[in-house]
Structure formats: C-alpha cells, structure tokens
2 protein chains.
Amino acid sequence: MTELLKLQNQMCFPVYALAREIINHYRPMLDELELTYPQYLVLLVLWEQEKQTVNQLGEKLMLDSGTLTPLLKRLEQKGIVKRERSTADERVVFISLTEQGKALETKATCIPEQLMQSLNMSMEDMIQLKSISDKILKAV
Amino acid sequence: MTELLKLQNQMCFPVYALAREIINHYRPMLDELELTYPQYLVLLVLWEQEKQTVNQLGEKLMLDSGTLTPLLKRLEQKGIVKRERSTADERVVFISLTEQGKALETKATCIPEQLMQSLNMSMEDMIQLKSISDKILKAV
DNA sequence: CAAAATTAAATTGTACACAATATAATTTTA
DNA sequence: TAAAATTATATTGTGTACAATTTAATTTTG
C-alpha cells in the first residue's frame with residue numbers, strides 16, 4: 001500500500017471534513033434565522049456593502065452563477081434581497097438588501113461569538129487555522 | 001457594522017473556500033479515473049482495508065448513509081465496489097473492492113504528488129495546515 | 001460599422017451533504 | 001420471551017457546487 005494514499009496522510013481530507021464540521025456547528029444558529037451557511041455568507045458580504053452585482057458576490061465568495069443564481073432567487077423569495085438588472089449594462093444584475101435583509105444583521109451579531117463557544121477552540125488554534133488557510137488560499 | 005461579521009474576519013470561510021479550491025485542483029486528475037473527490041476518499045479507505053461496512057466508511061469519512069448509499073451505488077454501477085448484506089446481521093451492508101477497484105489504486109499512486117505540484121504549496125505550509133486541522137477536527 | 005470575441009447571468013444536469021423519516025433487523029429490558 | 005429501544009441502511013426532500021451550455025448584451029477588431 002502506497003503510504004501517500006492512506007487517509008491519515010491526506011492533506012485535503014481534514015480541511016474538507018473540518019469545513020463541514022464547522023458548518024454543522026453553525027446550523028442551529030442559522031436555523032433560527034432560516035438561513036443556510038452559503039446564504040449567510042452572501043449576507044455577510046451584503047452587510048458590508050449593501051448593493052453588489054452577482055459577479056462581485058461570486059468573486060468574494062468564490063462561487064459561480066450556477067450556484068449563486070438559484071441561491072439569490074431563494075433569498076429574494078424570502079424577501080431578504082432584491083434582484084434588479086442594471087439599466088447601464090443589461091447583462092448585469094444588482095443584488096441589494098431589503099429592509100428585512102438589513103434588519104437580519106442585528107439578529108446575526110451574536111453568531112460569531114456563539115460559534116466560538118460551540119466549537120470550544122482555543123484562540124491560538126483559531127488564529128492559526130485562519131492565518132494558514134488565508135495564506136494558502138491567497139497563493140493558490 | 002459589527003467587526004466580527006465582516007467576511008475577512010470569518011474563521012470558517014477560508015477553510016470552506018480552501019476545501020473547495022483543493023478539490024478543484026484534484027478534479028483534472030480524478031477526471032481521468034472518472035471519480036469524484038468523495039468517491040476517491042471512499043476508495044482511499046477501501047484500499048487500506050478492502051472490505052468494510054457502510055457504517056465504518058461513514059465514521060472514517062464523517063458521512064452518513066444519506067450521502068454514502070447513493071455514492072456507493074454509483075461506484076457499484078461502475079463495477080468498482082461490490083455491495084452485499086451481511087448474513088450474520090442483515091442490517092449491515094459490506095462494501096468491498098472488485099478487481100477493477102483494486103486495480104485503480106495503481107493508477108491513483110501519482111495523485112498525491114501531482115496534487116502537491118498543482119497546489120504549489122511549500123511543505124511547511126502543507127504540514128502546518130494538516131496538523132492544525134487534524135488537531136481541531138479531533139477536538140470538536 | 002458589422003462581424004467576431006467577450007462578458008454576465010441563467011439554465012441544465014450530475015453529484016454530493018444532511019435533516020427527517022422509514023424500514024427492517026437485532027438487543028435490551030420488563 | 002414479548003414489547004420497547006436501538007441500530008444499520010435506505011429514502012425523500014432541500015440546497016448547494018460546479019461543468020457545460022445557452023442567451024443576451026457589450027466590446028473589440030478587421
């Protein structure tokens with residue numbers, strides 16, 4: 001058996017499994033807002049800048065229109081975002097927050113702290129995980 | 001705007017994005033074997049021990065039967081694994097490698113090395129990423 | 001300027017993930 | 001030992017991901 005093919009020697013597996021595990025920890029908190037984790041990410045980006053194109057959202061979240069279009073339509077259905085085509089360039093669709101979408105931010109403020117408690121990770125580990133994955137993400 | 005709700009302050013996002021990015025780097029190599037990344041993970045586990053229950057696979061990969069059952073049926077369709085109910089306990093389904101499934105291991109031997117080249121990461125970063133995510137995964 | 005190339009979103013199709021539930025078999029317990 | 005609880009897998013339904021293609025609009029180029 002080739003040593004490099006053993007599960008415990010895989011580099012991607014713990015990253016993949018950890019991402020899913022953290023998302024599972026988010027679930028009870030996001031359930032209360034009736035949001036999925038990717039929907040929450042879209043809102044994080046919109047709370048920073050309330051009107052953006054699908055393309056801008058996609059670049060920040062590294063997601064394409066095949067993922068975002070249906071996700072954004074679901075957020076629109078819920079009355080959280082508005083979708084409107086640019087008049088200047090009709091290929092472009094602007095996504096903006098509704099009042100309801102803006103109001104959700106208040107309900108979400110406690111989530112980061114709640115998540116840290118739920119994960120029960122040390123601050124050092126948290127910082128190390130974030131900095132190494134940020135660094136690698138930037139490089140690849 | 002609450003500082004903790006900014007995308008660049010999220011701890012999970014880079015992990016989630018990096019996992020997807022690494023899987024995208026695997027894609028061209030796995031395409032040649034006509035495997036998806038989760039299917040490849042199942043084979044890694046089976047190459048270590050060629051006959052296991054669905055439950056054992058699920059524990060090692062942190063996946064439930066809702067994910068594994070259809071995935072394993074697809075691998076069975078391709079002639080890579082065999083599925084058979086235990087006679088001792090008819091609730092249990094054993095998954096084992098076919099000759100074709102065993103033969104795939106040879107074709108996969110170069111993948112770990114190819115992936116590292118594709119990612120072009122330093123060995124230190126790779127080791128740091130793996131050790132911190134292994135550590136956190138164990139703890140949560 | 002008109003044809004060709006590019007761009008932005010949407011659509012289609014396949015394959016995960018996972019919650020919730022169902023089914024059937026085995027263990028536990030009263 | 002029969003009913004209750006547990007266990008293993010399967011099924012159903014929703015929501016991503018992403019490749020490939022389509023559509024429509026804009027830019028570039030001959």
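Every chain is numbered from 1 and lettered A, B, ... according to where its sequence line falls, protein lines coming before strand lines.
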When the distance from [atom1] of [X] to [atom2] of [N] is rounded to whole Å, what number comes out?
X	N	atom1	atom2	value
B:N55	D:dA10	CG	P	11 Å
B:I95	D:dT9	CD1	P	8 Å
A:L43	D:dT16	CG	P	11 Å
B:E90	D:dT9	CD	C1'	13 Å
B:Q77	C:dT14	CD	P	14 Å
B:E76	C:dA15	CD	C1'	17 Å
B:D89	D:dT7	CG	P	12 Å

Next item on the list: Test B:M62 against B:L137 for side chain to side chain contact (heavy atoms under 4.5 Å, CB included), laying out the working first.
Entry: CA-CA 11 Å; B:M62 303 173 68; B:L137 203 53; 4.2 Å; yes

Phosphate contact (C:dA17 OP1 or OP2) by A:Y16 side-chain N/O below 4.0 Å: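 So the side chain of A:Y16 is within the cut-off, an N or O lying under 4.0 Å from OP1 or OP2 of C:dA17.
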
A:Q39 vs D:dT16: side-chain N/O to OP1/OP2 distance below 4.0 Å:
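True: A:Q39 side-chain N/O within range (under 4.0 Å) of D:dT16 OP1/OP2.
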
- Query: When we call it a touch if two heavy atoms are under 4.0 Å apart, what does A:F94 touch: a base, just sugar-phosphate, or nothing?
  - Reply: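 Answer is nothing: A:F94 stays at 4.0 Å or more from every strand.
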
**OP:** Name the nucleic acid region contacted by B:A17, choosing base, sugar-phosphate or nothing; use a 4.0 angstrom heavy-atom cut-off, strictly under.
**Re:** nothing

Nucleotide of C:dA9, D:dT9, C:dC16 approaching B:R85 most closely (side-chain heavy atoms):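 Ranking C:dA9, D:dT9, C:dC16 by closest atom to the B:R85 side chain puts D:dT9 first.
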
Considering only heavy side-chain atoms of B:R91, the closest of D:dA17, C:dT26, C:dA9 is C:dT26

Ordered by number, residues from residues 56-75 of chain A within less than 4.0 Å of DNA chain C (heavy atoms) are A:S65, A:G66, A:T69, A:K73

Expected list for residues 19-38 of chain A near DNA chain C, using heavy atoms below 4.0 Å, is A:R20, A:N24, A:R27

query = B:E59 versus B:Q52: any side-chain heavy-atom pair under 4.5 Å?
reply =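 No, their side chains stay 4.5 Å or more apart.
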
So do the side chains of B:L43 and A:L5 get within less than 4.5 Å of each other, counting heavy atoms only?
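Result no, sub-4.5 Å side-chain heavy-atom pair not found.
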
**Asked** Which class fits the ring pair B:Y40 and B:W47: parallel under 30°, tilted 30 to 60°, perpendicular over 60°?
**Response** perpendicular

What's the verdict on side chain to side chain contact (heavy atoms under 4.5 Å, CB included) for B:L97 and B:E105, showing C-alpha distance, side-chain angles and the deciding distance?
CA-CA 11 Å; B:L97 288 168; B:E105 187 180 359; over 6 Å; no

- Query: Just by distance, do the side chain of B:T98 and the backbone of B:G79 share a donor-acceptor pair under 3.5 Å?
  - Reply: yes

Backbone N/O of B:L4 and side chain of B:Q10: donor-acceptor pair under 3.5 Å: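 A pair under 3.5 Å: yes.
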
Which side-chain N or O atoms in residues 109-119 of chain A pair as donor and acceptor under 3.5 Å with protein atoms at least two apart or in another chain?
unit_1	atom_1	unit_2	atom_2	d
A:T109	OG1	A:T106	O	2.7
A:S118	OG	A:H25	ND1	2.6

Self-check item: Evaluation steps, side chain to side chain contact (heavy atoms under 4.5 Å, CB included), between A:L41 and B:F13
Solution: CA-CA 8 Å; A:L41 288 180; B:F13 175 68; 3.8 Å; yes

